[in-house]
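Hydrogens, waters and symmetry mates are skipped; everything else that's a heavy atom, side chains included, is used. The structure presented is a predicted model; accordingly, all values stated were derived computationally and were not measured. Naming: A, B, ... by sequence-line order, numbering from 1 per chain.
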Amino acid sequence: MSVDQLRIIPRKDLPQWLDQMLSSFTVVAPTPQADYTNFKVITSGDQVDLESVNTRMSPKHLFFPKTERLFGFTTDRQQVDLDGQREDIPPRVLFGLRPCDARAVTMLDQVFDTDIFRDTSYVVRRQATTIVTLACNRLAASCFCTRLGSNPADTVGSDVIIVELPDNRLAIQPLTSKGQDLLKTADLPVSATAPDIEAFAQAIHTAQNADSTEPIDPDQLARKLTTIYESDFWDHDHQRCLACGTCTYLCPTCHCFDIADEAKDTTGQRVRNWDSCMFGLFTLHASGHNPRPVQKHRLRQRIMHKFCYTIDRYNQAFCVGCGRCVSRCPVNIDLREILNQLEDYQGG
Amino acid sequence: MRSPYQPIAATLEKVAEETPNIKTFWLRPAEPLAFRTGQFVELTVPGLGEAPFTPSSSPAVAEQMEVTIMKAGTVTDRLHELQSGAKLGLRGPYGKGYPMEDMYGKELLIMGGGVGLAPLRSLLYQVFEDIDKFSRVMLLYGAKTPADLIYPEQLKEWSKREKFEVLVSVDVGDNGWTGNVGVVTTLIPKVKLNLDKTVAVVCGPPVMMKFATLELIQMGMAKDRLYLSMEKNMSCGVGKCGHCRLGPYYVCQDGPVFTYDKIETLAGLWE
């Protein structure tokens, strides 16, 4: 990482900087919601809450909305009029992402921003967004990013990374041209001294080594999963699974969806909604046949997709270790434990 | 940028009943929609949604498309109520279709079950175009009863074509039925197969594909010359929505046609 663009501001000046940003951009940042935080559009820099490690919802809905109008239609006058009007996405800053969530966006890119059948609504949102990530200086109880080969100061997917220095200052480093443009527009002059650069490097080093957990070997895990598909490994966790889909909705990399029509009389719209492989209807054929008739098959699918099929297709596991599925599962199904058990499993 | 989910308008020009629950629909897209045989399209019924179908017409014709559809769910139920003039939507084509070049020079064994003959009719039209490149074409077709056979007149006509052998069976006959009775695999011993130079194409319900595959493999059919049309719940058609997962594949993009060697080891293949 080149550090010649490093900026330093006192932490107390952050709201003013965000206010400055607001004059040129829509800013979306973690804001307090009862006892948790979520990404919301802010109107003032002092609305941002950077204390909690992860927001409850991942930021994926900002690129891939929970429900989204694809087009509208009218069917009167013996004619179908299709309108492809889209929401206008102004230039925006996604501020205060954690490194796991920023990394997850690069996985969604691989699904949606493809050479053929490019998902235009995703790409429009993505191109309009500059991602400013805040490195983590502590881990939540459910965090396991290091298990996925990442770390609390990972810069993958970020346009700017912010690191908290020990003396209540923030070191702000652009990583991409988008990030540089943001710092210019939001008028933050290069200000770091040689000791600041040293402190920044030290803070990054500390964060990157904060957790010494051994990462999974994705290729080895993928190979093992193909051999134990029919084994008794899958006989237990599904028994308490409620098929509620919370894990997939909170997951920053889960991207399954369904396309449906909503219509009344002669007008309607086609919408794209989040869907979940946890649901029985997800694979139901029109004939009534269902290739995944029971929850055991669906839980297995979730693990196979994240830790085997995406490795085949995209060369990486589609899990960033954000821990949301661990902390919010109503019946305490713990993906970290499943990964441990997978590594230890000797049957086949 | 154009959304990959946005259909083009299509007009329903004609409807014909094939069986009590299967109809053929003639569609005219607002702009020509070229496809390769075996590829599929997403057909929109505005207000009800869309569903994937493989055209049953000739891939040489892009201005009009025929799709033969069984009544099975919300979209198809409404389709079956529609009359000519109805306004629909189409997007596609998607998937890989049949690799004709790999079939040239071979004897072609085509096996269809029920409405599974519909996509195979498109393949047959392509074969008629390329008939010089095939030494022999065998069509084995089965349905539940004589009333469930689709394209009965065309079956007779095809059987008279040079190089063609057409054998038909029903699971249960009726008073007027004088042909073969039994599942479609009972027709296999009735054709003399030269397996070393045969390409097989199978399309039908999962259970029919399973038993046809197992029987042909047991006889010595090469796995990489056995083409299967895999069926899954689909939504986007473009490899993103996750519905049609088959092991490492998305059926919509990597299929829907697979050679058996690519999928034989996949757990849950026939589920």
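Most heavy-atom pairs under 4.5 Å with chain B, from the set A/D119, A/D275, A/T283, A/N290: that is A/D119. By number of non-hydrogen pairs under 4.5 angstrom with chain B, the leading residue of A/P291, A/C308, A/A263 is A/P291. Your options are B/P206, B/S3, B/G47, and the one with the most heavy-atom pairs under 4.5 Å with chain A is B/G47. When each of B/P248, B/G49, B/C244 is checked for heavy-atom pairs under 4.5 Å with chain A, B/G49 comes out on top. Chain B forms the most heavy-atom pairs under 4.5 Å with one residue out of A/V124, A/L284, A/D312, and that residue is A/L284. Of the listed residues B/T11, B/T76, B/D254, the one with more heavy-atom pairs under 4.5 angstrom with chain A than any other is B/D254.
Heavy atoms of A/F282 lying under 4.5 Å from chain B belong to its backbone as well as its side chain. For A/Q301, the part sitting under 4.5 Å from any heavy atom of chain B is the side chain, from C-beta outward, and nothing else. Both the backbone and the side chain of A/R118 come within less than 4.5 Å of a heavy atom in chain B. For A/I116, the parts lying near chain B are the backbone and the side chain together; criterion is any non-hydrogen pair under 4.5 Å. Using a 4.5 Å cut-off between heavy atoms, A/H297 does not touch chain B at all.
Judged by distance alone, the side chain of B/H243 and the main-chain N or O of A/F257 form a donor-acceptor pair under 3.5 Å. Listed for the B/K240 side chain is a donor-acceptor partner under 3.5 Å among the backbone atoms of A/F117.
With a 4.5 Å cut-off on side-chain heavy atoms, A/H289 and B/P205 do not count as touching. A/T114 is not listed as a side-chain neighbour of B/Q253, based on a closest heavy-atom distance of 4.5 Å or more. Between B/E50 and A/R270, the closest side-chain pair of non-hydrogen atoms falls below 4.5 Å. Side-chain contact between A/T120 and B/Y5 is absent, with no heavy-atom pair separated by less than 4.5 Å.
Closest approach of A/L281 to B/N233, counting heavy atoms only: O-ND2, 3.7 Å.
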